[in-house]
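Single-structure report; data block below.
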Amino acid sequence: MVTKTWHSLPEYQALRALMESGTTSKAAIRLGLSQSAISRSIASLEARTGRILFERDGGRLRPTNEAALMNRRLDPLFEALDRIDGPPEMAKETLRIIAPPTYAHRFLVHHVATFLRANPHFFVSLEVAPSEDVIRGILDGRFDLGVTGVELSRDGVKLTPYRRSSAVCAMATDHPLALQDMIHPKDLDGQPLIALTHRHARRAQLEKVLHGSRVTPRVVAEASTSVAAVDLAKEGLGITIVNPFPIVQYRSDDVAFRPFVSQIDYRSYFVTPDQGPTTSIVRAFMRHLRLHTVKDTFSEKA
């Protein structure tokens with residue numbers, strides 16, 4: 001076992017630069033060093049930690065899982081350095097938010113902007129990450145507030161209900177089923193379907209509903225996010241069944257949303273650390289979001 005008794009910031013900087021750029025030449029330009037200096041730093045880091053961090057793939061260096069894990073663990077260090085070296089306004093009271101793409105893009109960005117306009121003495125950092133990273137980010141103490149639609153209870157975090165909604169079918173506005181007020185499982189038999197990937201628990205839940213109704217749609221595509229699934233539906237590829245919140249908040253003009261008659265329902269949550277009181281800036285943003293979330297047909301306050 002290798003005993004690690006010291007740390008080298010240049011080695012860590014070389015690791016991050018190489019992961020982002022993919023080649024030693026680009027990493028060297030980014031850090032203002034020679035390629036040989038980058039190579040020496042990586043070799044030293046691998047020797048010191050006893051880990052293989054990069055594998056050569058053609059003309060590029062491909063980071064291993066060990067490199068990705070180390071890079072993620074280095075995030076708090078470099079975030080702290082950014083705060084030290086940052087402009088004076090970084091000293092403002094900061095709210096660090098983490099949310100998956102479905103919530104972050106086009107929804108949270110608007111509310112962050114209105115929140116900061118109303119509270120210019122605050123500073124907000126918004127991280128867009130996969131749903132599974134939201135809980136981890138709160139547990140690690142790297143973020144103050146998360147927003148998620150995944151009900152994953154873990155010691156050390158608190159889930160506060162924010163919105164609730166029932167499943168909807170999303171489709172192009174000229175789709176034949178858009179003429180109906182609601183969609184039943186039997187209506188999907190033989191229909192082209194855009195499904196969420198199997199890593200989503202909702203995929204298995206939908207398949208159970210369809211199987212129970214003896215319905216077999218044609219799965220023509222899969223998507224890893226609800227936003228992507230709805231965009232594919234908008235292009236006329238088929239129908240998708242998703243959580244309408246918050247997508248309906250900004251897509252109701254160019255996509256047809258219809259209630260899907262089933263027991264599938266959804267919750268959106270605020271995620272905060274379970275230990276200690278909730279900070280005033282976190283409470284202020286949660287209150288701002290509750291007050292300014294536009295009413296829609298398919299979701300309501302939880």
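What you are looking at is a predicted structure, and each value in this text was computed from that prediction instead of being measured.
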Run the side-chain contact (heavy atoms from CB on, under 4.5 Å) test on V147 and L108 for me, step by step, so that the C-alpha distance in whole Å, both residues' side-chain angles and the decisive distance to 0.1 Å come before the verdict. CA-CA 9 Å; V147 180; L108 280 181; 4.2 Å; yes
Verify, without hydrogens or angle tests, whether [X] (side chain) and [Y] (backbone) share a donor-acceptor contact under 3.5 angstrom.
X: R258; Y: A178; result: yes
X: T49; Y: L45; result: yes
X: T240; Y: I194; result: yes
X: N71; Y: A67; result: no
X: S213; Y: V215; result: no
X: H111; Y: T293; result: no
X: E235; Y: L237; result: no
X: N243; Y: F245; result: yes
X: H175; Y: L177; result: yes
X: D296; Y: Q249; result: no

Could you check if a side-chain atom of M182 sits within less than 4.5 angstrom of a side-chain atom of H184, using non-hydrogen atoms only? yes
Quick one: does F122's side chain get under 4.5 Å of L95's, heavy atoms only? no
Do you know which two heavy atoms are closest between [X] and [Y], and how far apart they sit?
X: V112; Y: I97; result: CG2-CD1, 4.3 Å
X: R251; Y: R106; result: CD-NH1, 3.8 Å
X: L139; Y: D155; result: CD2-O, 3.2 Å
X: I38; Y: A14; result: CD1-CB, 4.2 Å
X: A17; Y: R30; result: CB-CD, 4.1 Å
X: V220; Y: P192; result: CG1-CB, 3.9 Å

Going from [atom1] on [X] to [atom2] on [Y], what distance comes out if it is rounded to the nearest 0.5 angstrom?
X: D189; Y: L210; atom1: CG; atom2: CG; result: 9.5 Å
X: I239; Y: C169; atom1: CD1; atom2: SG; result: 5.5 Å
X: L9; Y: L81; atom1: CG; atom2: CG; result: 6.0 Å
X: S165; Y: I247; atom1: OG; atom2: CD1; result: 10.0 Å

Using a strict threshold of under 4.0 Å (side-chain N to carboxylate O), is an ion pair present between [Y] and [X]?
X: D140; Y: R73; answer: no
X: E300; Y: R164; answer: yes
X: D75; Y: R72; answer: no
X: R203; Y: E207; answer: yes
X: R96; Y: D144; answer: yes

Please determine, by modelled atom types, if [X] and [Y] share a side-chain donor-acceptor pair under 3.5 angstrom.
X: S41; Y: E11; value: no
X: H292; Y: T114; value: no
X: S21; Y: T23; value: no
X: S299; Y: Y266; value: no
X: E222; Y: T197; value: no

Surrounding CZ of R199 (heavy atoms of other residues, nucleotides or ligands, distance under 6.0 Å), is the total greater than 12? yes
Looking at I52, I want to see if its CD1 is surrounded by more than 12 non-hydrogen atoms of other residues, nucleotides or ligands under 6.0 Å. no
Cationic tip of R16 within the cone over F78's six-membered ring, i.e. under 6.0 Å and within 45° of the normal? yes
Parallel, tilted or perpendicular, judged at 30° and 60°: which one describes the rings of Y12 and H7? tilted
Determine, step by step, whether Y162 and F270 satisfy the ring pair (Phe, Tyr, Trp, His ring centres under 6.0 Å) criterion, reporting the C-alpha distance in whole Å, the side-chain angles of both residues, the deciding distance to 0.1 Å, and the verdict. CA-CA 6 Å; Y162 163 44; F270 293 119; 4.7 Å; yes
Walk me through it: do V150 and V134 pass the test side-chain contact (heavy atoms from CB on, under 4.5 Å)? CA-CA 9 Å; V150 177; V134 173; over 6 Å; no
